[in-house]
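On a predicted model such as this, the values are computed, not experimentally measured, just so you know. Heads up: numbering here begins at 1 and tracks the sequence.
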Amino acid sequence: MWDHLARVIFFPADAGTVTLKNTANNDVEMPLAGLGTGCFESCPPPTDMVAYNMSLSFLEMGGRRIDAADSYGCEPGIGKAIRDSKIPRKDIFIESKIGPGGLAWPLGYNETLSQAREILQNYSTTYVDLLLIHWPTNYGPCSYHGPKPSIPTTDPLCDTALSSYNETGCRLSTWRAMIQVWKSGLARAIGVSNFNTTHLKEIAAAGLPLPSVNQCSFSPHHGPDHKGCTPYTTEESCGELLQYCKDNNIVYNGYSPFGGRGGAGSLLKDSRLVAMATHHNAVPSQVVLNWQWQLGMPTNPQATNPLYQAENLNFTFFRLNASEMNTLNHFDRTPRASSPLLDRPPVEATHAIPNPSLGGPYSVGTRVIAGTVTERNLSVSVWYPSTTRGDETPVVYDLRDHLPDNMAAKLRGSLYELGCPHWCSMYPENPQCYANLAVASETVGEAPDLFPLIVFVHGTGGWSGQSLQLVAHWASRGFVVVAADYPGITLKDMLLETEFKRVPPIDQVGDTRRLLTAIRSAADKGGDDPQWGWLLPRVNVSNNALIGHSAGAFAVGELHDEARVVIPMAGKGVVPSAAPVSTLVLCAVNDTVVPARSNAIPGYATTHRPKRLAEVTALGHHFCSDICAIGAAKGGIEAIAAAHGIWQANLFGFLATDGCEFENKKFDNPVNGWRFVNYMTSAVLELTLLGDADMLDALEHASDVLEDIAQYKEDV
């Protein structure tokens, strides 16, 4: 142990450099060891302060290459760390990216020139060592997982709203601007990121010089035998892309070397890596980096912990033998979990525990039904199990639809156009939503013939689609989910109050009862109901659950007589009924809006059996919401809204974003909130409403499965 610490901290090893060619100055040497600051291993990306600390410690450990992007929003922090390190600028290799992602600029000729200058200002430098095009389309990674919004740009080849739009032409126009950036001395070398072979061949066919670098995913799970080293690679293997780059003097720069997207934990515990590490007196992460080093590949592991940074810089004190290299080159990849409802992968090798946090077998359809409760002007959104041919366009939600008109007009472009779920790169296991699909004609496995009903009740300042990830998850696993925008409590109503305009009276409990009455009345008419006839013949409205967040949690607690399952989240958590209502109380340790210790936990104590309590340990009020993911790269929804004059920060404050700033170490990654709430809610819902006895096993092992993020107990 101490030998290992001494080696990595006190005896740093130089991993060497690789010479850049093609579109690079003659003297550009790229260090093989680098620091990643992007969102694939910790998403959203770090704030300026976290980026400052991690960059400064990396430089102090001997690291000299830092990878970032304009869309990460942390370049100023990195720039300050470089200045404070007192290391000469010429000795540090700055790698950044232009183009879409988060709230960055779109692609386009003029936009590229402008963004390059913005990046230099962010770093307070006169040049960067390597500048990349972040994604080959204006949609970033979501173009292959979600909707394609209109992106405003001055380049007619890149504006998706114009007939002149041409995806290939847009890439080439952007690349021509990059060449101008290079020739102007703003970058010592230029390249691309997430480009597949087809994209690279387009550049060659246009007679333009090829990139010096192509930065793509590369790990034992995304190695030479596997596909998917970019979100745009379909039939092409990572090995084919790697070979094309090698044949054309393009350096392949690997990101997410340990798997990314939450995959690092499983990869670095793999018995083959552990055995190699033990043999070489190293740790598994060093085995992976040594493998890529022997392939001559620069890599960008992300780490904020100085010890991990030291390990990631010191991986050349041993050499993997030919057999070990062959094992890693042909590593069996663990498939991304997307199993059918009754075919779930094991959590432990010796015991197959169902994992209800995984997406189910159904595609998700969605519709809006207007005027469901006419006297209250109550419309609802519906998400439901469906079947898809595979050629439908995913539905796009737009947060601007939930703002007053004068405020919505202040947001331009695709700033708040969301998929379902919109944060595709963070939680790809969840399904997309498609508008107006037919409801699935049959259920899966031994589930009831009719789909159960869930009514979701949002909280103050929320809106029906605030938790797209969550409602899509439930629908994919066999539930029909109905959510309404309750008058007086919606985001739009709350914002109107900032302008001292009259808003409707609040009656969330009454509105939910009216909604349930309207649904039951429509169900009595069956297929003849003009609004609900397409759906309700496939739904058992009596086999139902009420789930509420925040103020909605208080409401569902008072509506216990209306449902078989009641799930209050981040609320009072009390169901005052002796009837056999199954209750699941979900709360967060760090909730400062509705503190769990004075609300949910005392409420649980007075709730009748059967009851369950789960408390997520490092998240806040919005642990079940998408709100922490929206605009995270630019400081979150509140910071962006305040910058655009959308609302007064002192009015909404922590109510809008409590628990979102996980980089301060008080809060955890929002993906863990989704994993927690998906697991617990689906287990209880499927046990009670689908009669899935396997969920007893999932609940019994909930504390083990979620031990890193939550505590669980039950009284049934």
Worksheet entry | Contacts of T688 that satisfy side chain to side chain contact (heavy atoms under 4.5 Å, CB included) - sequence neighbours left out |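 Only R564, V565, S582, V684 meet the side chain to side chain contact (heavy atoms under 4.5 Å, CB included) criterion with T688.
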
Fill in: S464: side chain to side chain contact (heavy atoms under 4.5 Å, CB included) partners, not counting sequence neighbours
S381, A483, D485

Where [X] and [Y] come nearest, the two heavy atoms and their spacing:
| X | Y | result |
| --- | --- | --- |
| L358 | R477 | O-NH1, 2.7 Å |
| A683 | L699 | CB-CD2, 3.7 Å |
| V364 | S476 | CG2-N, 3.8 Å |
| M680 | A702 | SD-CB, 4.0 Å |
| A570 | A553 | C-CB, 4.4 Å |
| T372 | V380 | OG1-CG2, 3.7 Å |

The criterion is side chain to side chain donor-acceptor pair (under 3.5 Å); which residues satisfy it with [X], sequence neighbours excluded?
| X | result |
| --- | --- |
| T681 | W474 |
| S467 | none |
| N122 | D70, E75 |
| S386 | none |

When you compare the side chain of [Y] with that of [X], does any pair of heavy atoms fall below 4.5 Å?
| X | Y | answer |
| --- | --- | --- |
| L470 | M569 | yes |
| L685 | I547 | yes |
| Y384 | V539 | no |
| E615 | Y604 | no |
| I709 | Y679 | no |
| H701 | P354 | no |
| C587 | L613 | yes |
| L586 | V677 | yes |

Quick one: does any side-chain atom of [X] pair with a main-chain N or O of [Y] as donor and acceptor, under 3.5 Å?
| X | Y | answer |
| --- | --- | --- |
| T606 | G603 | yes |
| Q508 | H458 | yes |
| Q711 | T617 | no |
| S57 | M54 | yes |
| N543 | L689 | yes |
| S379 | G371 | yes |

Check salt bridge (Lys or Arg N to Asp or Glu O under 4.0 Å) between [X] and all other residues, then give those that pass, not counting sequence neighbours.
| X | value |
| --- | --- |
| K611 | none |
| R514 | D507, D511 |
| E700 | none |
| E562 | R513, R520 |

Worksheet entry | Test ring-ring contact (aromatic ring centres under 6.0 Å, His included) applied to F451 - qualifying residues, sequence neighbours left out |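 Testing F451 for ring-ring contact (aromatic ring centres under 6.0 Å, His included), a comparison that skips the adjacent residues, returns Y362.
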
Worksheet item: Looking at residues at least two apart in the chain, or sitting in another chain, which of them share a ring-ring contact (aromatic ring centres under 6.0 Å, His included) with F479?
Response: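 Partners of F479 by the ring-ring contact (aromatic ring centres under 6.0 Å, His included) criterion come out as none, since no residue qualifies.
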
Discussion item. I need the single residue from I567, V566, T583 that forms a side-chain contact (heavy atoms from CB on, under 4.5 Å) with V556. Which is it?
Written reply: V566

Going from [atom1] on [X] to [atom2] on [Y], what distance comes out if it is rounded to the nearest 0.5 angstrom?
| X | Y | atom1 | atom2 | result |
| --- | --- | --- | --- | --- |
| T490 | I506 | OG1 | CD1 | 9.5 Å |
| L378 | L515 | CG | CG | 6.0 Å |
| L584 | E714 | CG | CD | 10.5 Å |
| I519 | Q531 | CD1 | CD | 11.0 Å |
| Y486 | T512 | OH | OG1 | 3.5 Å |
| N678 | Q469 | CG | CD | 4.5 Å |

Practice prompt. Check the surroundings of atom CG in N377: do more than 12 heavy atoms from other residues, nucleotides or ligands lie under 6.0 Å from it?
Written response: no

Worksheet item: Between F623 and H549, what is the ring plane arrangement, given parallel below 30°, perpendicular above 60°, and tilted in between?
Response: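 The arrangement is perpendicular - the two ring planes meet at more than 60°.
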
Item to complete: Evaluate the side chain to side chain contact (heavy atoms under 4.5 Å, CB included) criterion for residues V482 and W532: first the C-alpha distance (whole Å), next the side-chain angles of each, then the deciding distance (0.1 Å), finally the verdict.
Response: CA-CA 12 Å; V482 174; W532 294 86; 4.1 Å; yes

Item to complete: In sequence, state the C-alpha distance, the side-chain angles, and the governing distance for V457 and L559, and then conclude on side chain to side chain contact (heavy atoms under 4.5 Å, CB included).
Response: CA-CA 11 Å; V457 186; L559 294 163; 5.6 Å; no

